There are 2 protein chains.
Amino acid sequence: MDTAQERTAEQELPYNVFAKACPSRGTLEHVTGRWGALTLGALSDGSLRFNELRRRVDGVSEKMLSQTLHALERDGLVLREAQPTNPPRVDYELTPLGREVATRLLGLIHFVEGRMDDVLEARERYDAARGGL
Amino acid sequence: MDTAQERTAEQELPYNVFAKACPSRGTLEHVTGRWGALTLGALSDGSLRFNELRRRVDGVSEKMLSQTLHALERDGLVLREAQPTNPPRVDYELTPLGREVATRLLGLIHFVEGRMDDVLEARERYDAARGGL
DNA sequence: CCGTATCCCTTACGATACTG
DNA sequence: CAGTATCGTAAGGGATACGG
C-alpha cells in the first residue's frame with residue numbers, strides 16, 4: 001500500500017483528467033485551448049457581441065470564434081442571447097460556472113504575462129547552450 | 001479617447017496575451033496546451049522519469065511528450081537532469097516558476113473535474129434543444 | 001450584423017522503427 | 001531507459017463567399 005501521508009488529502013473524485021477516456025479532458029481542452037482561453041478571458045469583463053469579441057481576441061477567424069463559442073455554450077460556460085431585431089444583435093456572456101473558470105484562467109494568464117521576462121531570459125539561455133553546439 | 005473609468009484599475013503591463021504578436025501567447029499555449037497542462041500537473045507531485053511521466057499522462061506518445069518537455073524546459077518551467085549512468089536515467093522536475101504555474105493550473109483542473117456533472121448536464125440540455133430539431 | 005458552408009493548406013499527432 | 005527519425009493520417013485553422 002502507499003503511505004496515506006504522502007497523498008496530500010486527495011479527494012477520490014469520479015473524474016480524472018489524467019485518464020485518457022475521461023470527459024473532463026475534453027472540457028479542459030475547450031477551456032484552455034488556443035481560442036477558448038482567450039474567449040473566456042475576454043468575456044470576463046462583461047457581455048460582448050460577436051464582432052466585439054472578434055476584435056478583442058486578436059487574430060481569431062470567424063469560423064474559429066463561432067466554433068469556440070458553440071463548444072463553450074454547450075459546456076454551460078457561456079450564455080448566448082439573441083435578440084430578434086433587425087439588424088440582429090447577439091450578446092455572449094459568462095454563466096456563473098463560466099465566471100469561476102474564467103477567474104482561475106485569468107489568474108494564470110496574468111501570472112504568465114507578469115513573468116514573461118523570466119521566460120524570455122530562460123529561452124535565451126537554453127538557445128545559447130544549444131545553438132552554440 | 002476611452003473613459004478611464006471603464007478600464008478597471010488595469011495595470012499597464014508590457015505583455016498582453018490578447019495581442020496576436022505577443023510572445024506571452026505562445027507561452028500560454030505551451031502551458032495550457034493539450035499535453036503541456038497534463039505534464040505540468042503530473043510533475044507537481046515531484047520529479048519523474050521519462051517513462052513514469054509517460055504512464056501518468058495517459059495517452060501521450062513518446063514523440064509528443066519529448067516535444068512538450070523541450071518546450072517547457074526552454075521556457076524555464078521544467079528542469080531536466082540527466083545522469084550519465086548506464087542505463088541512462090533522466091529526471092524531470094518543475095522549476096520554482098514552473099511550480100507556480102502548475103499550482104494555478106491544478107486549481108483550474110481540479111475545479112473543472114469537480115464541476116463535470118454540471119458540464120455534462122449542460123451538454124444534455126444543449127443537445128436536447130438542438131438534436132430535436 | 002451574425003453567422004454558416006466551402007475550400008484548401010498547414011500543423012498536430014500517433015505508430016513504428018531505430019540509435020546511444 | 002531515453003529518446004530521435006520518418007511517415008501517413010487526422011484535425012486545426014484561415015480566406016472567402018454566401019444566407020438569415
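Sequence lines set the chain letters: A, B, ... in the order given, protein chains first and strands last, and positions in each chain run from 1. Computed from a predicted structure; not experimentally measured.
Note on Asn86(B): every side-chain N or O is 4.0 Å or more away from OP1 and OP2 of dG20(C). Using a 4.0 Å cut-off, some side-chain N or O of Arg80(B) falls inside it from OP1 or OP2 of dG3(D). OP1 or OP2 of dA2(D) has not a single side-chain nitrogen or oxygen of Ser66(B) nearer than 4.0 Å. A sub-4.0 Å separation between OP1 or OP2 of dG3(C) and a side-chain N or O of His70(A) is absent. Using a 4.0 Å cut-off, no side-chain N or O of Arg89(B) falls inside it from OP1 or OP2 of dA2(D). Phosphate contact (OP1/OP2 of dC2(C), side-chain N/O of Arg49(A), threshold under 4.0 Å): present. Note on Tyr92(B): a side-chain N or O is less than 4.0 Å away from OP1 or OP2 of dG3(D).
In this structure, Gly59(B) and Asp91(A) both approach DNA chain C, and ranking their closest nucleotides by distance from the 5' end singles out Asp91(A). Taking the nucleotide of DNA chain C with the nearest heavy atom to each of Gln67(A) and Lys63(A), the more 5' of the two is matched to Gln67(A). Mapping Asn51(B) and Arg34(A) onto DNA chain D by nearest heavy atom places Asn51(B) at the nucleotide closer to the 5' end.
Side-chain contact of Asp75(A) with Tyr126(B): a donor-acceptor pair under 3.5 Å is absent, judged by distance alone.
Taking atom CZ on Phe50(B) and atom P on dT19(C), their separation rounds to 18 Å, with Å as the unit. The nearest whole Å value for the distance from the CG atom in Leu53(B) to the C1' atom in dC1(D) is 14 Å. Put simply, CZ on Arg130(B) is 8 Å from P on dT4(C), counting in whole angstrom units. The separation between Glu81(A) atom CD and dG3(C) atom P is 13 Å, rounded to whole Å. The distance from atom CG of Leu65(A) to atom C1' of dG14(D) is 14 Å, rounded to the nearest whole Å. Rounded to whole angstrom, the span from the CD atom of Glu73(B) across to the C1' atom of dG3(D) amounts to 13 Å. Nucleotide dA10(D) holds its C1' atom 13 Å from the CE atom of Met64(B), rounded to whole Å. For Leu38(A) and dG12(D), the CG to P distance is 17 Å, given to the nearest whole Å.
Annotation: cation-pi pair Arg56(B)/Phe18(A) absent, no NZ/CZ under 6.0 Å from the ring centroid and within 45° of its normal.
For the pair Thr95(A) (side chain) and Gly76(A) (backbone), a donor-acceptor distance under 3.5 Å is present.
A salt bridge links Arg89(A) with Asp91(A): the closest approach of a Lys/Arg side-chain nitrogen to an acidic carboxylate oxygen falls below 4.0 angstrom. Under a 4.0 Å N-O distance rule, the pair Arg80(B)/Glu93(B) does not qualify as a salt bridge.
Here the NE2 atom belonging to His30(B) is positioned 8.0 Å from the CG atom belonging to Leu72(B), to the nearest 0.5 angstrom.
Proximity note for Val90(A) (side chain, C-beta onward) versus dA2(D), dG14(D), dG3(C): the nearest is dG3(C). For Glu62(A), taking side-chain heavy atoms from C-beta onward, the closest of the listed nucleotides dA17(D), dC1(D), dG14(C) is dA17(D). Closest contact between the side chain of Trp35(A) and the listed nucleotides dG3(D), dG3(C), dG13(D) involves dG13(D).
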